[in-house]
Structures are given as structure tokens and as C-alpha cells.
There are 2 protein chains.
Amino acid sequence: MKSPSHSRDRGIPEATVARLPLYLRALHGMAERGVATVSSEDLAVAAGVNSAKLRKDLSHLGSYGTRGVGYDVEYLVYQISRELGLTQDWAVAIVGVGNLGRALANYGGFVSRGFRVAALLDADPEVVGDTIAGLNVEHIDVLEAVIGRRGVSIVVLATPAAAAQEVCDRVVSAGVTSILNFAPVVLSVPDSVDVRKVDLSIELQILAFHEQRKAGGPLMAVDSAVSEPSEQTGLLTGPPKEDL
Amino acid sequence: MKSPSHSRDRGIPEATVARLPLYLRALHGMAERGVATVSSEDLAVAAGVNSAKLRKDLSHLGSYGTRGVGYDVEYLVYQISRELGLTQDWAVAIVGVGNLGRALANYGGFVSRGFRVAALLDADPEVVGDTIAGLNVEHIDVLEAVIGRRGVSIVVLATPAAAAQEVCDRVVSAGVTSILNFAPVVLSVPDSVDVRKVDLSIELQILAFHEQRKAGGPLMAVDSAVSEPSEQTGLLTGPPKEDL
DNA sequence: CCGACTTTGTGCATCGCTTCACAAAGGGAT
DNA sequence: ATCCCTTTGTGAAGCGATGCACAAAGTCGG
């Protein structure tokens, strides 16, 4: 399920799927502002893409535009939502209630459309029993039961790196086939399971690469950056845990 | 700087750059376990990629392998680190100290290699003055001063969506050209500025899409999706037009 | 009803990334 | 030194994504 484009994906390219949420967000904003119809050009600008690309993307869903006019905002919202599977409610479980897990649990946009946090799980007895964002934190022991009984189909992994693969295995055994992984490890899963990863340090490193290029190009002076410890930054004590 | 591949990038493709951190992480793990040399095959497995791809990626940095033997782990770590610009220290400022900002500030892997949190900034007087991960939270008013004086070259945006563009503009004016954006908005910046975005809800929506496909495939009852435009769309406002 | 104008949907050329497959290069044994 | 084995580095084919450019299709004013 990792492969770029599926045989029977009804021909919706992966690259298009990745952009649909972007269009959807832009459309929601427009709907709220009372915009009734929008041209591919305007929507493309709002989503930060090329208008030809946008039209081609939308054409994969069907012909939902009107030539000479544009797209009906509400209708398009519905069509994209349906295509993305947001017309139903997805039960999500968050495993690992460290700093990040807490942040995710409190993340409003989570619940907003299509997703519902159905469980918070952690191995640490210290946090089990806490209430976060109105949810009780349960012990990881009940993982399988929770997944089964509450119909969890998407699991968010926010555990320390060391625990991620083990939890992942259990989650997969329990029948979950969609995982969003925040732990900095390469998870190994069967082909039938979809894993998407969000990795802060990778993003920073990519930025650093380009930044270095920029600095080295024009007129690289002194590599500043390290110069002054400046005020209180010097006493950055070791952070609590390796937990993300 | 958004363009996929730069003319004078010394020819390192963007796709390759995005994988180098992955290789680096795998190599660090191996170095810690005392592995001296590694073959492209083994490293590829550890990083979750195809071995031919890995070799081609590494070949963009130079010929650092030994035929018949493999790659020297430590040497390769150094070469990749240098290429990514991790041999210097990058000062990072985190703007927006909500749940996510806090989690990021406490993220250990942050400081570990090449990156140093140099400032935490927020607009809310309630949190300004707090100490998080050993750092004092300062008011957003001093943004420009902090960026200038502490040599901040990478800014992490963890503000609410509504504030993101404004903060972004200020950050860019202050001379920052690398931004990691967690706010769910499309930032508009000059071409010379690199923006990478991390967007939880987009990732979830992509997972939902594939999950829906999986559910609809094997033996889903209804399915719809394919054949006809389906009439139940009526519950949303009427489509601009219908039929054929 | 017509003609000018707008905007969609898409064929096509192009581009960059992936993957295969293999020659070239090194190590080690005899 | 020679042969065999391993593994790298890369030419070339294949594949999907991008963006241009335009015909088709629709709107609107007269």
C-alpha cells in the first residue's frame, strides 16, 4: 500500500491525493467567507499550486466544474470530502502521551472534520488515569481491546523511538492498517499497512542543507551561528526525555 | 528556492536530500552498535529504501564506498553530516508556545545534533516569562532583536493559523530564509525563502483516503464511489447542475 | 439566436526520480 | 600473480508528475 499509484486506485495519483486536503482547506475558508463559486486560478493561488495542476487534480474526481464559470464551492467541498473519506467519522487512537501526544490530543483541528480521538494510551503508570482533552489515559495493556471495541482504524504513534516498533507490531496485529508515526524510526510493517511519518528532525536537516547552500553561495562571511551564547541560551539543560 | 532541483545545487536532487537524514540516522545507530562498515544493501534495509537508490543517492556526494566491501560507517556519517550542514550549529527560534511549541521545545532530538533552540517566543502575556526546557519565553515584540542578535537562521512556526502569515512576514523581514511551518496555512513568502510544512491533518486525511479504499475493496457493502453520481448528494446544497 | 468572452478539461512534451542490470573495481585465497 | 567473489557506481529504460497550450463548453449581453 506504499506504492505510489495503485492499479485500482481508480486512477487517482498519489500526488493528487496529497494535495486534495490542501484544496479542501482553501475551499472551507472560502465557504466561510461566503464565496459561492471559484475559478481554478483563484483556488490554485489560495492553495499555493499551479492552476493547471489543480484542474488536472480535480479532473481525476470527475467533471465538477462549469466552463466559463468555475467550481461551486460547496459542491466541491462535498466531492473532495467524499473522495477523502471524510464523510464518515474515523476513530483515532493516540499511543504515547508525552509532550507531543498531549499536544496532539489537544489539537483542535483533529476532531473538527472526520476524525475523533477515541483513545489515549500510554505505558507509564504515572500518566495513566490522567485526563487530557477530556479523555482518560488508559494503559497500553488494553490496546487491542480498545482498538477492537471502539472501531479504531487509524493509530497515531507518539511513543519514544525505542518503543515504536513494538507498539506498531501490536497495533498491526490488532488489525489496524493506517498508522501515523511521529517516532524517529523506520517502522517495518506488512505491505498492506499504510504508514506515514512525520519527522521533525528530518525537516530541520533538509532546511539546514538549503540554508548552508544559501550561506555558502552569495557572500559567505563568518559562519555566525555559534558566535555568542547570548544571555540565557547558554544554560539549556538536558531536556527531560528522548521522547518526542 | 522551492524549485525541485537547482541549477547549481552541485547536482544533488531534492529527493536525495530528503533521504540523507534517514541514512544518517541509520548510520548513527550502527556506529553506536560498533559496526565499522556497511554494505549498500544493509544500509538500505535499515533506512527502508531500495539499495540501488541508496547507492545513487550516495554517489551524488562523491565516491565514498569501497567496491567489494561497502561503506565505512564513521566516514560516511561525517560526509553526510557535512553535506547537510550539520557540522555547524544552527540557532533555531520557536514562535508560538502552545501545546505543540512546548512539545517541540522539549524535544530532545532537537538539540542533539546540529540544532540549538535559541529562543521561545509568544504573544500571550500569560505564557511570556515561563521557563520551558530551561528557556525563558519572551514576547514576540523582541522577535527581530532576538533573530538578529542570536544569529537565528531557522524559525519554527507553531502559532495558531490566524497569526502565522503575519509572524512569517516579520520573520522574513528580519532576514530568516528557512522556516518550518506547523500552522495549517499556505504561507506566502519570497522565492528566496525555504518553507517546509508539517501538517497533521493533511497526513490524517491521506491515511483516511487509503483506509477508505481498503475498506471499500475487499467486501464493503455499498461502495458507491464508482458508478453513478449518487443522488444522496442532495443533503448538501444542490450541485450547480446535474445529469448529463 | 448569435458572437464575444471566460474558464474548464486534457493531449502532449518534458522533466526528474526510480529501478534494473552490468561493467568496473577492490579483497582474499591459493 | 591469478582467479573468484563481493559490492560499488552508473548507463539506460521506465514511470509518474508537471506545466503548456488549446479546443471544447459554457455564460452573458445584445
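Each chain gets a letter, A, B and so on, in the order the sequences are listed, and its residues count up from 1. What you see is a predicted model; the values in this text were computed from it and never measured.
- For the segment residues 19-42 of chain B, the set of residues with a heavy atom within less than 4.0 Å of an atom of DNA chain D comprises B:Ser39, B:Ser40, in numerical order.
- Taking the side chain as every heavy atom from C-beta outward, B:Pro190 and B:Val172 approach each other to under 4.5 Å.
- Remark: A:Asp42 pairs with no residue by the side-chain hydrogen bond (donor to acceptor under 3.5 Å, both in side chains) rule, at least two apart or across chains.
- Using a 4.0 Å cutoff on non-hydrogen atoms, the parts of residues 51-59 of chain A near DNA chain D are A:Ala52, A:Lys53, A:Arg55, A:Lys56, ordered by number.
- With salt bridges taken as basic N to acidic carboxylate O contacts below 4.0 Å, one links A:Glu83 and B:Arg213.
- As a whole-Å value, the separation of A:Glu14 CD from D:dC15 P is 18 Å.
- Here the side chain of B:Thr16 pairs no donor or acceptor atom with the backbone of B:Ile12 at under 3.5 angstrom.
- The separation between B:His60 atom NE2 and D:dT10 atom P is 10 Å, rounded to whole Å.
- A donor-acceptor contact shorter than 3.5 Å is absent between the side chain of B:Trp90 and the backbone of A:Leu207.
- Here B:Ser63 lies in heavy-atom contact (under 4.0 Å) with sugar-phosphate atoms only.
- Between A:Arg25 and B:Asp199, at least one side-chain nitrogen of the basic residue sits less than 4.0 Å from a carboxylate oxygen of the acidic one, meeting the salt-bridge criterion.
- With sequence neighbours left out, the salt bridge (Lys or Arg N to Asp or Glu O under 4.0 Å) criterion links B:Arg67 to no other residue.
- Residue B:Asn50 contributes atom CG, which lies 12 Å from atom P of C:dA21 at whole-angstrom precision.
- With sequence neighbours excluded, the residues forming a side chain to side chain contact (heavy atoms under 4.5 Å, CB included) with B:Tyr64 are B:Leu61, B:Tyr75, B:Leu76, B:Gln79, B:Arg82, listed by chain and number.
- Between B:Arg196 and B:Ile179 there is no side-chain heavy-atom pair separated by less than 4.5 Å.
- In this structure, OG on B:Ser81 lies 4.5 Å from CG on B:Leu24, to the nearest 0.5 angstrom.
- Listed by residue number, the members of residues 64-79 of chain B with any heavy atom below 4.0 angstrom from DNA chain D are B:Tyr64, B:Gly65, B:Thr66, B:Arg67, B:Gly68, B:Val69, B:Gly70, B:Tyr71.
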